[in-house]
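Positions are given from 1, in the same order as the sequence printed here. When a ligand or atom number is given, it counts from 1 through the structure's own listing order.
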Amino acid sequence: MSPSYAYDPDLYEPGTPAAAGRCSHHRAGEPGAETCTGEAVVSFQDQRGRWQAGCSAALEQLVDRGEIEPLGQGA
Ligand SMILES: [Zn+2]
């Protein structure tokens, strides 16, 4: 399970949707894309170690699936 952090635009390549505050998790074709709010609220690393930005729906779905920790509970 990966830690989660409050969304931080500095983690992303300038010019990418994630750097602009957009959800990159659902854009990658992940399940639940129809629930995407678009606005990034959480930063986390995916299973390949790349930084992703997730919206509030992505945060819920990833926590439910045990992929990331609930926001604010990381070490
Ligand atoms: Zn989303």
Check your understanding: Which N, O or S atoms belonging to the protein are less than 2.8 Å from the Zn ion (ligand 1)?
Key -> C23 SG, H26 ND1, C36 SG, C55 SG
**Study point:** Between S24 and Q52: side-chain donor-acceptor atoms closer than 3.5 Å
**Key:** yes
With a 3.5 Å cut-off and sequence neighbours excluded, list the donor-acceptor pairs that the side chains of residues 29-41 form with protein atoms.
| unit_1 | atom_1 | unit_2 | atom_2 | d |
| --- | --- | --- | --- | --- |
| T35 | OG1 | G32 | O | 2.5 |
| T35 | OG1 | Q61 | NE2 | 2.7 |

Point to revise | P17 side chain near R27 side chain, heavy-atom distance below 4.5 Å | key: yes
Practice item. Quickly, which of D46, V42, I68 forms a side chain to side chain contact (heavy atoms under 4.5 Å, CB included) with L62? Name it, please. Key: I68
Practice item. Mind checking side-chain hydrogen bond (donor to acceptor under 3.5 Å, both in side chains) for Y7 and listing every partner two or more places apart, or none if nothing turns up? Key: none
Exercise for review: Would you please name every residue forming a side-chain hydrogen bond (donor to acceptor under 3.5 Å, both in side chains) with Q45, sequence neighbours left out?
Suggested key: none
